[in-house]
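Input: a single structure, listed below in structure tokens.
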Amino acid sequence: MGVDKCMYIVNSLYSNFKNDNKESQYYFRMTKKDFDFGHAFGIEIERQDLIEGEVVRIERDSINKISNKEEKVKELLDLVYRNKVSPIHLVDILGEYVDRYVSDFNI
């Protein structure tokens, strides 16, 4: 089993939504993590809810090892960004893709 190394942010997208007195800031990040047998790209989504400029809640979820093919994961990053996917629904939306892309790691 390989030892995990540092994770880097490769790409980052941002969205901001206002609804009455609440503002939500979304951060969509593509990450790269190196490990003994190569590297893997993943996705992290973070939502910060603000009221009157103060952060009142943070939700975050990630899937760290989706594929070792950067372009595939970039397409998924665009998908979650365009559809404004909440961190709560990240696994629901990308689960099928992750299941299909696991074969990318076969060497």
Side-chain angles (χ1 to χ4, degrees):
M1 183 117 164
V3 176
D4 285 341
K5 312 264 182 182
C6 293
M7 183 169 49
Y8 303 94
I9 296 172
V10 176
N11 195 347
S12 186
L13 302 170
Y14 170 80
S15 289
N16 189 19
F17 304 97
K18 293 184 181 181
N19 186 5
D20 296 325
N21 69 336
K22 181 178 135 185
E23 177 181 356
S24 293
Q25 298 176 343
Y26 283 80
Y27 301 90
F28 302 88
R29 301 178 182 109
M30 183 168 77
T31 59
K32 180 180 179 182
K33 190 170 199 164
D34 295 321
F35 55 98
D36 288 344
F37 304 107
H39 60 269
F41 294 95
I43 292 179
E44 176 183 85
I45 301 175
E46 177 180 319
R47 185 188 79 230
Q48 295 182 6
D49 294 332
L50 297 92
I51 296 176
E52 297 179 9
E54 295 289 323
V55 176
V56 295
R57 184 170 161 175
I58 296 175
E59 296 279 346
R60 181 183 304 132
D61 201 1
S62 63
I63 303 172
N64 294 324
K65 295 178 182 173
I66 297 174
S67 174
N68 59 2
K69 300 189 182 337
E70 184 174 1
E71 192 56 39
K72 283 184 172 182
V73 180
K74 184 174 184 332
E75 288 175 8
L76 295 179
L77 179 68
D78 290 339
L79 173 79
V80 295
Y81 173 74
R82 281 191 325 270
N83 292 288
K84 299 166 183 58
V85 173
S86 166
I88 296 168
H89 299 293
L90 175 65
V91 174
D92 296 332
I93 300 299
L94 295 186
E96 259 185 66
Y97 294 97
V98 173
D99 290 345
R100 277 190 276 150
Y101 294 172
V102 72
S103 64
D104 293 346
F105 293 105
N106 294 340
I107 300 174

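Everything numeric in this text was worked out from a predicted model, so none of it was measured.
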Q: Applying side chain to side chain contact (heavy atoms under 4.5 Å, CB included), run through Gln25 and Arg47 and close with a yes or a no.
A: CA-CA 6 Å; Gln25 298 176 343; Arg47 185 188 79 230; over 6 Å; no
Q: For side chain to side chain contact (heavy atoms under 4.5 Å, CB included), just list the numbers for Val73 and Thr31, CA-CA rounded to whole Å, side-chain angles, deciding distance to a tenth of an Å, and then say yes or no.
A: CA-CA 9 Å; Val73 180; Thr31 59; over 6 Å; no
Q. Given Leu79 and Glu75, is the side chain to side chain contact (heavy atoms under 4.5 Å, CB included) satisfied, shown in steps?
A. CA-CA 6 Å; Leu79 173 79; Glu75 288 175 8; over 6 Å; no
Q. Where do Glu52 and Asn21 land on the side-chain hydrogen bond (donor to acceptor under 3.5 Å, both in side chains) test, with the steps shown first?
A. CA-CA 7 Å; Glu52 297 179 9; Asn21 69 336; 5.6 Å; no
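Asp61 is not listed as a side-chain neighbour of Glu44, based on a closest heavy-atom distance of 4.5 Å or more. Considering only heavy atoms from C-beta on, Leu50 stays 4.5 Å or farther from Val56 through its side chain. Residues Leu76 and Val80 fail the side-chain proximity criterion, which asks for heavy atoms closer than 4.5 Å. In this structure the side chain of Val55 never reaches within 4.5 angstrom of the side chain of Asp49, judged on heavy atoms.
Put simply, Tyr81 and Phe17 are part of the same group of oily side chains (I, L, V, M, F, W, Y) that touch within less than 4.5 Å, one to the next. No continuous path of ILVMFWY side-chain contacts below 4.5 Å connects Val85 to Ile88, so the two sit in separate hydrophobic clusters. No chain of hydrophobic side-chain contacts below 4.5 Å, direct or via other Ile, Leu, Val, Met, Phe, Trp or Tyr residues, connects Met7 to Phe41. Under the 4.5 Å side-chain heavy-atom criterion for ILVMFWY residues, no single connected hydrophobic cluster contains both Ile9 and Ile45.
For the atom pair Met30 CE and Ser62 OG, the distance stands at 14.5 Å (nearest 0.5 Å). The NE2 atom of His89 sits 10.0 Å away from atom CD of Glu59, with the distance rounded to the nearest 0.5 Å. For the atom pair Asn106 CG and Asp104 CG, the distance stands at 8.5 Å (nearest 0.5 Å). Of the inter-residue distances, the one linking Arg57 atom CZ with Ile51 atom CD1 reads 10.5 Å to the nearest 0.5 angstrom. Here Cys6 contributes atom SG and Lys33 contributes atom NZ; the two are 9.0 Å apart, rounded to the nearest 0.5 Å. Atom CD1 of residue Ile66 and atom CD1 of residue Ile43 lie 4.0 Å apart, to the nearest 0.5 angstrom.
Ring pair Phe28/Tyr26 is parallel by interplanar angle, where below 30° counts as parallel and above 60° as perpendicular.
Few gaps surround NZ on Lys72; more than 12 heavy atoms of other groups in view lie less than 6.0 Å from it. With a 6.0 Å radius and a threshold of 12 heavy atoms from other residues, nucleotides or ligands, Tyr27 has its OH atom above the threshold. Taking a 6.0 Å sphere around OH of Tyr8, one finds it holds 12 or fewer heavy atoms contributed by other residues, nucleotides or ligands.
A salt bridge links Arg29 with Glu46; the closest basic N to acidic carboxylate O contact falls under 4.0 Å.
The two residues Lys65 and Ala40 come nearest to each other via the heavy atoms CG-CB, 3.7 Å. In this structure, Ser103 and Arg100 approach most closely via the heavy-atom pair OG-O, 3.5 Å.
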